[in-house]
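To keep things clear, I will list the structure first and then write my remarks on it.
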Amino acid sequence: MASGSGSNFEAIAAAIRSGELNASIELVIYNNPKAKVAERAARLGIPAQLMDHRTFDSREALDTAIAAQFKTHKVNWIIMAGWMRRVTQTLLSAFPRRILNIHPSLLPSFPGIHSVEQALNAGVKITGCSVHFVELIVDSGPIVMQAAVPILPDDSVESLQARIQMQEHIIFPRAIALAASQTASATANEISS
Ligand code: GRF
């Protein structure tokens with residue numbers, strides 16, 4: 001699921017192509033008609049579907065439709081790669097502990113939007129990015145993987161954001177693989193006990 005440029009989506013697709021991540025992307029859902037992710041998906045031959053939140057009566061109605069689409073495509077994991085909408089219990093219940101998000105800070109510091117700017121303004125010397133399981137509270141949920149990014153004295157929001165994104169592209173595919181393998185072994189343990 002993506003709302004914007006889709007550089008993380010493309011990094012995940014590249015990791016799959018190179019064999020680093022054993023997965024397939026069945027469907028990209030985007031909510032903003034102008035989102036560049038749609039062009040990237042078309043270029044890569046991956047189906048993408050616009051689900052414009054403005055055409056739904058409520059967050060729940062949007063999430064019901066999203067869950068139905070993913071079920072139709074037999075999706076196991078939902079990857080929120082720059083999805084800028086709050087999710088509801090409707091989507092969480094349809095895919096329990098199967099939704100991952102990436103956030104441009106070292107959570108639990110600087111949740112929400114403007115995290116890069118907030119880290120810069122706070123004067124912290126290290127920030128980064130986090131991949132975590134999605135829960136109802138925005139940018140909460142168990143952390144799967146993080147990467148640290150030092151803040152340089154002459155950093156702007158743009159320069160810092162660019163270096164954080166480089167790390168996002170590295171850790172997101174790895175975090176997906178890790179979360180999937182941990183979930184698979186937890187399930188195997190449950191079955192055998
Ligand atoms: C990423 O920086 C991510 O941390 C945030 O949204 C941004 C999405 O970028 N949640 P892109 O669309 O993957 O380029």
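Predicted model only: the values in this text are computed from it and were never measured. Note that ligands are numbered from 1 as they come in the structure, with each ligand's atoms numbered from 1 the same way. Index from 1, following the sequence.
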- Item | Interfacing atoms of ligand 1 (cut-off 4.0 Å, heavy-atom, Ser7) | 11 (P), 12 (O), 13 (O), 14 (O)
- Note on the structure: When rounded to the nearest 0.5 Å, the distance separating OG of Ser24 from NE2 of His73 is 11.0 Å
- Hey, can you tell me if Phe95 and Phe70 have their rings parallel, tilted or perpendicular (30° and 60° cut-offs)? perpendicular
- Numbered atoms and elements of ligand 1 in range of Glu168, under 4.0 angstrom, heavy atoms: 1 (C), 2 (O), 3 (C), 4 (O)
- Check whether any side-chain heavy atom of Arg97 lies under 4.5 Å from a side-chain heavy atom of Pro142, and answer yes or no. yes
- Please work out whether any backbone atom (N, CA, C, O) or any side-chain heavy atom from C-beta onward of Gln165 is under 4.0 Å from ligand 1, and answer side chain, backbone, both or neither. side chain
- For Gly82, take its heavy atoms, then give the atoms of ligand 1 lying under 4.0 Å from any of them. 6 (O), 8 (C), 10 (N)
- Item | Over 12 foreign heavy atoms within 6.0 Å of CG, Asp52 | yes
- Message: Are any of the N/O atoms on Asn8, whether in the backbone or the side chain, positioned under 3.5 angstrom from an N/O atom of ligand 1?
- Response: yes
- Message: Pairing donors with acceptors under 3.5 angstrom, does anything connect the side chains of Glu60 and Thr88?
- Response: no
- Query: Atoms of ligand 1 less than 4.0 Å from Ser5 heavy atoms?
  - Reply: 12 (O), 14 (O)
- Message: I need the contact type for Met80 against ligand 1. Using non-hydrogen atoms and a strict under-4.0 Å cut-off, is it side chain, backbone, both or neither?
- Response: neither
- Message: What I'd like to find out is whether the side chain of Val87 reaches to under 4.5 Å of the side chain of Asp63, using heavy atoms alone.
- Response: yes
- Query: Judging by distance only, is a nitrogen or oxygen of Ile102 under 3.5 angstrom from one on ligand 1?
  - Reply: yes
- Residue-ligand contact Gly6/ligand 1, heavy atom below 4.0 Å: yes
- Query: For Gln161 and ligand 1, does the shortest N/O to N/O distance drop below 3.5 Å?
  - Reply: no
- Task: State, without any angle test, whether Arg40 and Ser7 hold a side-chain donor-acceptor pair at a distance under 3.5 Å.
- Result: no
- Would you say Gly4 has any N or O atom under 3.5 Å from an N or O of ligand 1, going by distance alone? no
- Rounded to the nearest 0.5 Å, what separation is found between the CD1 atom of Ile176 and the CD1 atom of Ile12? 4.0 Å
